[in-house]
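Everything below concerns the one structure shown next.
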Protein chains: 2
Amino acid sequence: MINGEEFEKLPTKEKIIRIAADIIVKEGLKKFTAKNIASRLGMTDAAIFKHFATMDDIILSIINNYVYRCSQSAEVGISKGKDIEDKLRQVLLSHIKVLEDTKGAVPILCFDFSRSNNQKFTNILHSFVKEYKNTLSQLFKEGQEKGIIKKDLDPEELAMFFLGSIQAKVFAKIIEQGEGPIIKNPDQFINELFYGIMEKKEDQTSKDENS
Amino acid sequence: MINGEEFEKLPTKEKIIRIAADIIVKEGLKKFTAKNIASRLGMTDAAIFKHFATMDDIILSIINNYVYRCSQSAEVGISKGKDIEDKLRQVLLSHIKVLEDTKGAVPILCFDFSRSNNQKFTNILHSFVKEYKNTLSQLFKEGQEKGIIKKDLDPEELAMFFLGSIQAKVFAKIIEQGEGPIIKNPDQFINELFYGIMEKKEDQTSKDENS
DNA sequence: CATATTGGTTAATATTCGCTAACTTTTGTA
DNA sequence: TACAAAAGTTAGCGAATATTAACCAATATG
């Protein structure tokens, strides 16, 4: 279902979170019910409420869980990177890693809950997107100051373009109901993203962007 | 609500379709109920079933209605365009027009119903995406043959990239809950899409014999 | 004018959902 | 070992949902 051996070892509460996310990702919010979650666990729906007070609490856990991992991955990426371009690359690679790990849950949840009228969810998600956008656009700004990123681009729009491109990949996978990873070749994907925004380096052109 | 004067003149059946689409786009599938639709029309929920046998039939109407417009827009674009690049540009411009007209309904419906387990919906949507993808990738192929599009790019992936980029814009608008158009500057948007894929034109009189 | 159709109502049905209560089993630990 | 807490069960409540039936008013059409 989600992993197999590893999954079985998890405490029920964690299993519920993962199954719930899986249901929302693969079947949509309408199928996110106590009964559906419980049946995948071989339990009755009532047992769910021994672990979560309400169904909304499950959603909150999913959001916090995944949003947290995604935010963390950005910090890790920045600390790992040697220069601006490398930092950006690391942030994106980490992001893609979480993305694959969670099967695209974050963008899908953002999309679904942005349309729910539940203020609690949308607030968390909006501040996540905002924060993440700031992180990226800060890197873009620094890159522009150092002359490696084109100066005529708006950092904020660039950040949304990056987030949007990732969402686009998730979208494509869901539409095509593909089985493999969301982004097949992360390095190539990042190169394509960078292609339009990086200032051309005249010297030492070692272009590895062939497909 | 949707337009005002014009809207009032529509037959109830058409009103139901538009309101239903609006609800799904703005509030998600979970809020798509007979009662919600009816209340916006000042009717009771039972009246809905005088116009549609089942709720699924409403969804089918929405999908067919919007998908048809989207497909048509592609044909119009191709017939309008003078050369490959122009055809592509026209197709995208037409697509964006429908997109704005329907407030992003098509990509959202594709996304939502791809995750519904209703085979009827997904079949229609998948064949739409497939067809639309073919239309675009055919244009890309021709463009590659004529040497105006980079030859190392896979036409099918390119097509999905285009569709994905549009979806990303819809995504961005929903996340940011913006009020204006989904794509503020269509020409600029298309230029950005083209930037990475078009063969650089050094000058008009290149050694290319296809000119 | 007569009347059949259209489009609306209220009331009811079966089903599903979130959630609780009461009870039982499992399990960690004093 | 004793026993309280944790984690399950069944049964059921109240609300919401899709859909239908029975009824009624307007309206198009013969």
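FYI, side chains are in, hydrogens and waters are out, and symmetry mates aren't considered; it's all heavy atoms of this structure. Below, read A as the first sequence line, B as the second, and so on, with proteins coming before strands; counting in each chain starts at 1. Being a predicted model, the structure only gives us computed values, none of them experimental.
Distance CG (A:N36) to C1' (C:dC19): 16 Å, rounded to an integer number of Å. Protein atom CE of B:M43 is 12 Å distant from nucleotide atom P of C:dT10, rounded to whole Å. Computed from coordinates, the A:I37 CD1 to C:dC19 P distance equals 11 Å when rounded to whole Å. Rounding to whole angstrom units, NZ of residue B:K50 and P of C:dG8 are separated by 10 Å. In this structure, CG of A:D57 is placed 11 Å from P of C:dT20, rounded to the nearest angstrom. For B:K13 and C:dG7, the NZ to C1' distance is 13 Å, given to the nearest whole Å. Nucleotide C:dG7 holds its C1' atom 15 Å from the CG atom of B:D45, rounded to whole Å. We find that CZ of B:F49 is positioned 13 Å from P of C:dT9, with the value rounded to whole Å.
Side-chain N/O atoms of B:T44 include none lying less than 4.0 angstrom from OP1 or OP2 on C:dA11.
Within the 4.5 Å cutoff, no side-chain heavy atoms of B:N185 are placed close to those of B:E192.
Between the side chains of B:N64 and B:S61, not a single donor N or O lies within less than 3.5 Å of an accepting N or O. Neither side chain, A:R18 nor A:N65, offers a donor N or O lying under 3.5 Å from an acceptor on the other.
Using a 4.0 Å heavy-atom cutoff across all strands shown, A:T33 reaches sugar-phosphate atoms only and no base atom. Nucleic acid contact for B:F32: sugar-phosphate only, since backbone atoms but no base atoms lie under 4.0 Å from a heavy atom of the residue. Within the 4.0 angstrom heavy-atom criterion, base atoms lie near A:A47.
Cation-pi geometry between B:K169 and B:F189 is not satisfied (NZ or CZ under 6.0 Å from the ring centre, within 45° of the ring normal).
The environment of A:K150 atom NZ is dense: over 12 non-hydrogen atoms of other residues, nucleotides or ligands sit within 6.0 angstrom.
Relative to the side chain of B:H51, the nucleotides C:dG7, C:dT10, C:dC19 differ in distance, and C:dG7 lies closest. Minimum atom distance to the side chain of B:A46 is reached by C:dT10, of the listed C:dG8, C:dT10, C:dA21.
Comparing A:G42 and B:A53, the nucleotide of DNA chain D nearest to each residue sits closer to the 5' end for A:G42.
Taking the ring centroids of A:F162 and A:H95, they lie at or beyond the 6.0 Å cut-off.
The closest donor-acceptor contact from the side chain of B:E156 to the backbone of B:S137 lies at 3.5 Å or more, if one exists at all.
On the nucleic acid side, DNA chain D has its first and last nucleotide under 4.0 Å of a heavy atom of chain B at D:dT17 to D:dA22, going 5' to 3'.
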